[in-house]
Number of protein chains: 2
Amino acid sequence: MAKKTNIIEDHSTEEKIKQAARKIFTQKGYAAARTRDIAEEAGINLALLNYYFRSKEKLFDMVMGEQMQQFIRGMRGVFHNEDKTLIQKVTEMADNYIELLKANPDLPIFVLSEIRANPEKFAAKMNVKSVIANSHFMKQIAEETKGKLHPIHFLMNIMGLVVFPFIASPLLKTIGNLKHSEFNNLMEERKKMIPIWIKAMLKAK
Amino acid sequence: MAKKTNIIEDHSTEEKIKQAARKIFTQKGYAAARTRDIAEEAGINLALLNYYFRSKEKLFDMVMGEQMQQFIRGMRGVFHNEDKTLIQKVTEMADNYIELLKANPDLPIFVLSEIRANPEKFAAKMNVKSVIANSHFMKQIAEETKGKLHPIHFLMNIMGLVVFPFIASPLLKTIGNLKHSEFNNLMEERKKMIPIWIKAMLKAK
DNA sequence: ACTTGATTTAATCATTTGATTAAATCAAAT
DNA sequence: ATTTGATTTAATCAAATGATTAAATCAAGT
């Protein structure tokens with residue numbers, strides 16, 4: 001049995017397959033994705049795909065795991081920092097995530113779809129909870145709202161303002177007659193506006 | 001060839017199949033949904049399913065079409081009304097949609113996933129654009145923001161605040177340690193808060 | 001009782017699709 | 001030149017799955 005040899009400088013085939021898999025999986029979702037399409041997208045053949053990753057599911061788990069990590073990575077720093085103000089953190093989150101999502105617009109709907117389709121599988125990997133719940137960030141929110149509202153409302157609000165436009169972008173582009181570049185310009189504007197909006201919402205009553 | 005006979009009082013088999021299809025399709029998405037599962041869920045057999053709807057795709061189109069209609073139905077009234085204030089309309093939208101989504105929590109991610117997976121198919125059915133773009137509602141928003149921001153920002157904001165929590169609910173429930181009933185209570189709170197928040201955002205600068 | 005249409009049962013097809021295998025080829029290192 | 005591992009080619013499997021069919025059964029209306 002042959003095995004891959006490049007362990008360090010693996011910028012060739014293995015990574016190429018993972019990139020292709022990421023693209024096809026995020027575009028179509030797990031069930032609709034075809035390993036043949038992934039192989040073609042990667043510029044290799046089906047046999048080699050199964051030679052590197054033993055199965056579709058293994059390949060998916062690999063890609064999915066990395067995507068989730070990417071999703072969480074940006075958070076951890078922000079959520080547990082104890083020096084910055086709430087609004088500073090909101091600004092940082094908006095900046096980071098909008099930048100990430102401009103590059104990977106299908107990421108959220110992919111992640112959220114697969115979680116919905118397979119909740120048990122992700123219940124395990126859900127260190128998300130430990131990252132966010134009881135974070136300094138959540139305490140700051142609780143402080144601002146002082147009992148009036150559940151802090152999770154503002155987590156919903158922030159994420160909703162940042163993420164939702166990307167999830168609904170096909171619809172929004174149609175409604176607003178927006179070219180892709182125009183849509184991205186709007187997202188650029190939102191980097192500035194979201195902290196302002198959140199601030200206003202926190203004060204409102 | 002046999003054909004169905006109940007045309008008016010069709011509250012039995014055909015509707016039962018559609019309900020089952022709606023459930024399975026929205027839960028798993030088109031690709032992952034199995035016609036066998038739909039038949040089982042409907043309490044009938046595979047042959048009968050194909051006897052009523054000629055194919056999986058036809059069944060899907062039927063269900064999907066109705067779902068889209070449901071999505072748009074609520075809008076049309078609100079968006080073209082010329083008597084109510086902007087905030088009154090936001091209140092009405094939040095009420096209507098949160099109520100709808102409490103009953104069908106998987107609806108948004110299903111609709112948006114399928115649009116993403118198959119944009120061409122829905123480009124045709126997109127009378128959505130005509131319903132929303134150039135509506136009185138959008139003009140009211142444009143008036144409020146007077147050139148400062150693209151009105152679509154506020155459409156994103158309203159929809160994001162209303163819809164996103166349902167899309168991300170598995171995640172949010174985990175993070176917030178929320179039971180389903182507690183989650184729904186929060187959504188109830190949002191009916192009141194979203195108009196207040198939107199008002200605050202419109203004033204903010 | 002008879003007819004008619006709805007529904008089931010059971011078997012079967014054809015296609016798609018994930019997976020595997022063996023042999024051939026290619027490229028690079030030794 | 002030889003060896004070694006990566007990759008291709010081509011063929012094939014087995015399972016899942018959408019679809020179809022024929023015959024039997026059931027229920028309701030006449």
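Hydrogens, waters and symmetry mates are skipped; everything else that's a heavy atom, side chains included, is used. Within every chain, numbering begins at 1; the chains are lettered A, B, ... in the order of the sequence lines, protein sequences first and strands thereafter.
- Taking atom NZ of B:K56 as the reference point, atom P of C:dT16 lies 14 Å away to the nearest angstrom.
- Residues from residues 20-34 of chain B with heavy atoms under 4.0 angstrom of DNA chain D, sorted by number: B:A33, B:R34.
- Residue B:N50 has its side chain nearest to D:dT20 when only D:dT7, D:dT20, C:dT7 are considered.
- Here the C1' atom of nucleotide D:dT17 and the CZ atom of B:R36 are 5 Å apart, to the nearest Å.
- The stretch residues 168-193 of chain B participates, sequence neighbours left out, in these salt bridge (Lys or Arg N to Asp or Glu O under 4.0 Å) pairs: B:E99-B:K191, B:K102-B:E188, B:E188-B:K191.
- Legend: residues meeting side chain to side chain donor-acceptor pair (under 3.5 Å) with A:E40, ordered by chain and number and at least two apart, are absent.
- Across C:dT7, D:dT7, D:dA19, the shortest atom-to-atom separation from the side chain of A:Y52 is found for D:dT7.
- Every stem involving DNA chain C, taken as at least 3 paired positions in a row under the Watson-Crick or G-U wobble test at 3.5 Å, is listed here: C:1-30 with D:1-30.
- Residue B:Y51 places none of its side-chain N or O atoms closer than 4.0 Å to OP1 or OP2 of C:dT8.
- In this structure, CD of B:E40 is placed 13 Å from P of D:dT17, rounded to the nearest angstrom.
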Could you write nucleotides 21-27 of chain C as a row of B, S and -, 5' to 3', where a protein heavy atom under 4.0 Å of any base atom gives B, of only sugar-phosphate atoms gives S, and otherwise -?
B------
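- For B:F25 and B:F60, the gap between ring centers is short of 6.0 Å.
- At distances below 3.5 Å, not a single donor-acceptor pair connects side-chain atoms of B:K199 with backbone N or O atoms of B:I194.
- The distance between atom NZ of A:K58 and atom C1' of C:dG18, rounded to the nearest whole Å, is 13 Å.
- Of the candidates A:K89, A:E82, A:K84, A:Q140 forms a side-chain hydrogen bond (donor to acceptor under 3.5 Å, both in side chains) with just one, namely A:K89.
- Distance CZ (A:R54) to C1' (C:dT20): 11 Å, rounded to an integer number of Å.
- C:dA11 atom C1' lies 13 Å from atom CG of B:N45, rounded to whole Å.
- Applying the side-chain hydrogen bond (donor to acceptor under 3.5 Å, both in side chains) test to pairs two or more places apart or on separate chains, those with a residue in residues 22-33 of chain B are B:K23-B:E41.
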